[in-house]
S.K.: 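Encoded as structure tokens, here's the structure I'll be asking about.
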Amino acid sequence: MKRTSRNALPSQELLNQAADLFNDGASQTEVCRTTGIARETLRKYFPGRGWTYRQAGEFRQITRKYPLPKGLAA
């Protein structure tokens, strides 16, 4: 994972990768982890993209109900 420096703008390649991830249904947190782009920058370039609070809550409910087996959790 390549991290962008604090004041550097993300490359067009990283922005395209982020757009693809959002189109596939990824959350802002997942896009941030994958691309290394800060969440604040993602919000600037992709306003309104990512999960809603409801979607995040539903995901959390599922992960509580069906936790990953030991050794698979990140």
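In this text the structure is predicted, and so the values were computed from the model without any measurement. Along the sequence shown, residues are numbered consecutively beginning with 1.
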S.K.: Is any side-chain heavy atom of Thr35 closer than 4.5 Å to one of Leu21?
M.R.: yes
S.K.: Supply the atom-to-atom distance Asp20 CG to Leu15 CG, rounded to the nearest 0.5 angstrom.
M.R.: 11.0 Å
S.K.: State plainly whether the residues Lys44 and Glu40 are in salt-bridge range, i.e. N to O under 4.0 Å.
M.R.: no
S.K.: With rounding to the nearest 0.5 angstrom, report the CD to CZ distance, Glu30 to Phe22.
M.R.: 10.5 Å
S.K.: Quick one: closest heavy-atom pair of Phe46 and Ala18, and the distance?
M.R.: CE1-CB, 3.8 Å
S.K.: Is it possible for you to say whether Leu42 and Phe59 belong to one hydrophobic cluster, with membership spreading through side-chain heavy-atom contacts below 4.5 Å?
M.R.: no
S.K.: Does a side-chain heavy-atom distance below 4.5 Å link Ile37 with Cys32?
M.R.: no
S.K.: Has Thr63 got a side-chain atom pairing as donor or acceptor with Arg60's backbone, closer than 3.5 angstrom?
M.R.: yes
S.K.: Has Gln55 got a side-chain atom pairing as donor or acceptor with Thr52's backbone, closer than 3.5 angstrom?
M.R.: yes
S.K.: When you measure from the side chain of Trp51 to the backbone N and O of Gly57, does any donor-acceptor pair fall under 3.5 Å?
M.R.: no
S.K.: Would you check if Gln28 and Arg49 make a side-chain contact, meaning some heavy-atom pair closer than 4.5 Å?
M.R.: no
S.K.: Side chains of Pro10 and Tyr45: does their closest heavy-atom pair fall under 4.5 Å?
M.R.: yes
